[in-house]
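All remarks here apply to the structure that follows.
Lettering of chains follows the sequences in order, A, B, ..., and the numbering in each one begins at 1. Since the structure is predicted, the reported quantities are computational estimates derived from the model, not experimental observations.
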2 protein chains.
Amino acid sequence: MSNVSNDVLISEVGPRDGLQSVAITMPTADKCRWIDALVSAGVREIEVASFVPASLMPQMADAAQVVRHAMKHDGVTIMALVPNRRGAQAAIEAGVHKMTVPVSASEAHSLANVRKTRQQMLAEVKEIVALRNGSAAQVKIEVGISTAFGCTIQGKVDEDEVIRLAEAAVAAGVDEVGLSDTTGMANPAQVRRLFARLQAALGAKAGAAHMHNTRGLGLANCLAAYDAGVRTFDSSLAGLGGCPYAPGASGNVVTEDLVFMFESMGIHTGVDLEKLLEARISLAAGLPGQPLYGMTPEAGLPIGFKQEHLND
Amino acid sequence: MSNVSNDVLISEVGPRDGLQSVAITMPTADKCRWIDALVSAGVREIEVASFVPASLMPQMADAAQVVRHAMKHDGVTIMALVPNRRGAQAAIEAGVHKMTVPVSASEAHSLANVRKTRQQMLAEVKEIVALRNGSAAQVKIEVGISTAFGCTIQGKVDEDEVIRLAEAAVAAGVDEVGLSDTTGMANPAQVRRLFARLQAALGAKAGAAHMHNTRGLGLANCLAAYDAGVRTFDSSLAGLGGCPYAPGASGNVVTEDLVFMFESMGIHTGVDLEKLLEARISLAAGLPGQPLYGMTPEAGLPIGFKQEHLND
């Protein structure tokens, strides 16, 4: 394995964001094989589960088991989504390195997604921080601002409010704040503008770009975020994903295409594309009948394409 | 129809680049309906046919008829591809406004595509210019440098050679020179770099970006080209297209997604997205069983999305 530091970090969210959006409950063993294949390909951060009541999301009932399996891999940051203090407690007990707490910029989406207002979610974030601070575990906390670029329920989202929410999350004690295009409404001009503002407001605590590919703009938006200085990108193998509580929200940026874009630009991801394409095959086996997105897997790698830095 | 000048020009290439890549020969009436639908949506430049021997490309046997139909529309630039002097003669007789001559940056692709070396193609370009100059018609000539970003046959393409070819085409008397990612191998860093060089070398004669979406980078590459100052973009409704003589080359940038990207950024295309989505429906009827690409048509336009400038 390469010890070269990479230029960008690909944060794979498929096992969480992808699986929450499909009707199939993938067997635990298949999830573990998928995570193992991602790690083999060089993925160094994976959101493996969501700690939510199994009654609401049976796909995530094995979250603790999946986390425990994933934690066996050295050098990989294992993340989980937690919507509240109870989920955070379970995630800390399972041993995650990092928790993502979703806070909606849209009040309407907040109520639909977590049945709380934005202010109530910020109060929940404070409780999660207090819980973490009172535990022995060294768990990082990231807030992801959902619907930061627009909401399918309320429409436009005010950019000033996004920045105010991000600042409030930092004031509440979280380690970083990313921006999510939950509904696939972002455009590159907006992405550059909003991430530039986020970085001006939060400095090193400005976090990941979580882009969806709903209208095909996923990679263009990631390019725009990169231009604005973002270096961590959420994406999903085969573009799985969406939000069950945001009508019309569909798949995440396709990890295969995102890695191909960066690597072809000479921006190192640390991810071996050939092995990533193999990971996709193992995913397809675990999700029969599910549509898989991505152009690079269909076209294959171009003639003469090499990732020489992976052999360092 | 709006008289507002648009920020970018969408140059639709589907009736030429798209149809040359499918096994189906679309009836002339269907082609005409498709072109009419594009014009109704506000598309102002359309490459409607290729003047090549019908024995080689039966899909294009009705090129003159299609051109004559398309020419009935006022205010729309009607283009055709011509690979040689004979094609140019036919295109001028049919009455086109503008001809595109493909000149490959890759010697291997040049031989496969037009059975001529690059030097022989430049000689052909000179003959086409002489023919045009000797005719009464006011026909513009554009050279499109094929495989400018890489070639599936020879692999890497030297950037200096691309610029030298572009300069040679201008010296031969053409009006503009664009760059084509025939094989879908371009990346945004390369696109910015090469278009910046093209503009430095050719000034106002630097032409369109013709991007493919083979590995999903089409829109990101168009964004990069826009950043580099390009204002004319070739694309294809439903992402039809490819090159029959470049193995593995697949569809063009999807017009629907490209227009959505620009319009959502506040960059005016003059194209009405709702009408463009209707044009797609008429296309699907004319090409039964053909895969149509594009995410925007699948997702629909976002809530609250309006193109107010179209109503000026």
Interatomic distance, [X] atom [atom1] to [Y] atom [atom2] [nearest 0.5 angstrom]:
| X | Y | atom1 | atom2 | value |
| --- | --- | --- | --- | --- |
| B:L223 | A:R192 | CG | CZ | 5.0 Å |
| B:I153 | A:I303 | CD1 | CD1 | 8.5 Å |
| A:D257 | B:L217 | CG | CG | 7.0 Å |

Contact part of [X] toward chain A, heavy-atom cut-off under 4.5 Å: side chain, backbone, both or neither?
| X | result |
| --- | --- |
| B:N221 | neither |
| B:M261 | both |
| B:C222 | neither |
| B:E298 | side chain |

From the list B:A220, B:G300, B:G304, the residue making the most non-hydrogen contacts under 4.5 Å with chain A is B:A220
Max heavy-atom pairs within cutoff under 4.5 Å with chain A, candidates B:V254, B:V191, B:D227, goes to B:D227
Practice task
Please check if the side chain of B:N187 supplies one atom and the backbone of A:S264 the other of a donor-acceptor pair under 3.5 Å.
Solution key: yes
Worksheet item: What's the verdict on side-chain contact (heavy atoms from CB on, under 4.5 Å) for A:N213 and B:M295, showing C-alpha distance, side-chain angles and the deciding distance?
Response: CA-CA 8 Å; A:N213 201 36; B:M295 301 294 280; 4.0 Å; yes
Residue pair B:A189 / A:M265: nearest heavy atoms and the distance that separates them: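 That would be N-CE, 3.7 Å.
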- Query: How far apart are the closest heavy atoms of A:L301 and B:R215, and which atoms are they?
  - Reply: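 Looking at all heavy atoms of both residues, the closest pair is C-NH2, 3.7 Å.
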